[in-house]
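For reference, the structure is listed below as structure tokens.
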Amino acid sequence: MKVAIVHDYLTEYGGAERVLEALHELWPDAPVFTMVADVSSLGPHKERFANWDIRQTGARLLPFWKQLKSGYRLLAPLFWETLNFDGYDVVISSTSSYFSKGILTKPETLHISYIHTPPRFLWGYPSGSNWRQQWWSQLFGLATNPFLRQYDVVASQRPDVLVANSTEVARRIKRLYGRDAEVVYPPVDVEKFSEPPFAKAEDEEPFFLVVSRLTFAKHVDIAIRAAEKADVRLKIVGRGSEEKRLRRLAGVSVTFLGEISDDRLRALVQACTAVLFASEDEDFGMTPVESMLCGTPVVAYYGGGYKESVVEGKSGVFF
């Protein structure tokens, strides 16, 4: 089989990129088509993508793409529909907010789309930024979102098969797109995270941990306020658009670690008292599963995909 993989964009590292890695591991010779790629921005994870065949769309020529990524979504249909997949037997798209499921394929090509979630900013779910906070972004959203919602529904009908990353997302797909989706949970390195020892780090005071993109929907500010109120130490792993605001909010008991390697992350998860998750309507949540594999309990918001993995009173508690 001649296989191609399509991914929204490759400028940051998170759960969607772990799924992309798993797909590439299955089909290492498959080219990866993406809107824009900047492997150098992936921090300690950039080496994972060093020898891949990554093919960008013409969007790479747009100025200030990182800063104007949200606005450029309006042009996404144009760039996806210019890609040519003639000669491929199977195309697998991995998508959430940038509509890569909207690519055009011929009837003889099987298109399977792995949906991390329908675009959160379009359908009333908290997204990476609070775009309603500024008048200009709210005005832009009100003007463009009706068109993008219409396109999103049209694009969702193009794949032959839809795959959801959780039962929660499958319900969203059924409600918004009117289609059934198979549920395939995203990949977690079971062996790596379940390896012993399960011991606290030496000479380490007790601490709680947050592992998350520092964006609006993740509500890391709730974890910071809780740590301050309870007078406990909190370590935060991750980067994102909310980092400056969160640093201003944090007291001396909160430490920001940025992006770190998987090995260091595993050591921290095994050493902490519990891992905190306050994301609202999470699509699935791979990090809680990794935490529980380490034998570390989680404290999670009762909503979204968290309800599919955390067992109340046994592997964690909900709030």
Side-chain angles (χ1 to χ4, degrees), residues 5-17 19-20 32-38 41-42 54-83 91-105 111 113-159 162 164-165 169 172-173 175-177 213-218 239-242 279-281 283:
I5 301 171
V6 186
H7 186 68
D8 278 357
Y9 53 84
L10 190 55
T11 59
E12 56 189 14
Y13 189 83
E17 286 66 44
V19 172
L20 176 62
V32 175
F33 294 83
T34 186
M35 184 68 69
V36 171
D38 181 8
S41 67
L42 303 180
I54 298 174
R55 306 180 188 183
Q56 303 180 61
T57 69
R60 69 187 185 280
L61 303 176
L62 295 172
F64 307 109
W65 197 87
K66 282 187 179 180
Q67 293 80 2
L68 301 175
K69 178 174 64 177
S70 296
Y72 282 149
R73 282 194 185 102
L74 196 60
L75 302 177
L78 171 66
F79 290 110
W80 289 129
E81 293 177 9
T82 57
L83 295 177
V91 178
I92 305 170
S93 57
S94 162
T95 183
S96 57
S97 64
Y98 238 79
F99 315 110
S100 63
K101 60 182 176 287
I103 58 171
L104 298 175
T105 56
H111 178 191
S113 189
Y114 191 97
I115 311 290
H116 303 283
T117 181
R120 298 174 67 93
F121 73 99
L122 282 182
W123 301 107
Y125 296 95
S127 58
S129 62
N130 187 7
W131 61 274
R132 295 182 183 273
Q133 198 169 33
Q134 294 86 20
W135 68 266
W136 51 268
S137 60
Q138 186 174 11
L139 186 63
F140 182 79
L142 291 173
T144 60
N145 283 0
F147 163 75
L148 290 176
R149 276 193 291 270
Q150 185 179 27
Y151 176 77
D152 188 48
V153 173
V154 170
S156 72
Q157 307 306 307
R158 291 177 179 173
L162 297 183
N165 76 346
V169 169
R172 297 177 195 175
I173 290 171
R175 180 171 65 88
L176 299 173
Y177 302 153
R213 285 178 179 161
L214 306 185
T215 58
F216 174 72
K218 301 298 184 181
R239 293 195 182 281
S241 57
E242 290 276 287
S279 179
E280 190 175 354
D281 296 314
D283 308 326

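Side chains of T57 and L83 form a contact here, defined as non-hydrogen atoms less than 4.5 Å apart. Contact of the L10 side chain with the V36 side chain is not registered, since no non-hydrogen atoms from C-beta on lie closer than 4.5 Å. Two residues are said to be in side-chain contact when any heavy atoms from C-beta on lie closer than 4.5 Å; T117 and W123 fail this criterion. Side-chain atoms of I5 and F33, non-hydrogen and from C-beta on, never get closer than 4.5 Å to each other. For the pair H116 and S94, the minimum side-chain heavy-atom distance is below 4.5 Å. Side chains of V91 and I103 form a contact here, defined as non-hydrogen atoms less than 4.5 Å apart.
In terms of heavy atoms, L122 sits closest to R149 at O-NH1, 3.1 Å.
Between W65 and Y98, the ring planes are tilted. Angles from 30° to 60° get that label.
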Take Y151 and L74, measure what side-chain contact (heavy atoms from CB on, under 4.5 Å) needs, and give me the verdict at the end.
-> CA-CA 10 Å; Y151 176 77; L74 196 60; over 6 Å; no
Begin with the C-alpha distance, continue with both residues' side-chain angles, and end with the deciding distance and a verdict on side-chain contact (heavy atoms from CB on, under 4.5 Å) for V32 and L20.
-> CA-CA 9 Å; V32 175; L20 176 62; 4.1 Å; yes
side-chain contact (heavy atoms from CB on, under 4.5 Å) between Y9 and D38: does it pass, once the steps are laid out?
-> CA-CA 9 Å; Y9 53 84; D38 181 8; over 6 Å; no
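Judged by a 6.0 Å distance limit and a 45° cone about the ring axis, R172 is positioned over the six-membered ring of Y125. Cation-pi geometry between R73 and F121 is satisfied (NZ or CZ under 6.0 Å from the ring centre, within 45° of the ring normal).
Residues R213 and E12 are paired through a salt bridge, judged by an N-O separation under 4.0 Å between the basic side chain and the carboxylate. Checked for salt-bridge contact, R158 and E81 meet the test: a charged N lies under 4.0 Å from a carboxylate O.
In this structure a side-chain-to-backbone donor-acceptor pair under 3.5 Å is present from E17 to G14. At least one donor-acceptor pair under 3.5 Å links the side chain of Q56 to the backbone N or O of A37. Formation of a donor-acceptor pair under 3.5 Å by the D8 side chain with backbone atoms of S100 is found in this model. Looking at T34, its side chain does come within 3.5 Å of a backbone N or O of H7 through a donor-acceptor pair.
For the atom pair OH of Y72 and CG of L78, the computed distance is 13.0 Å after rounding to the nearest 0.5 Å. Once rounded to the nearest 0.5 Å, the distance linking OG of S156 with CZ of F99 reads 11.0 Å. With rounding to the nearest 0.5 Å, the separation of OG in S241 from CZ in F216 is 10.5 Å.
S113 is linked by a side-chain contact (heavy atoms from CB on, under 4.5 Å) to S93, T95, K101, H111, I115, P159, L162, counting only residues two or more places apart in sequence or in another chain.
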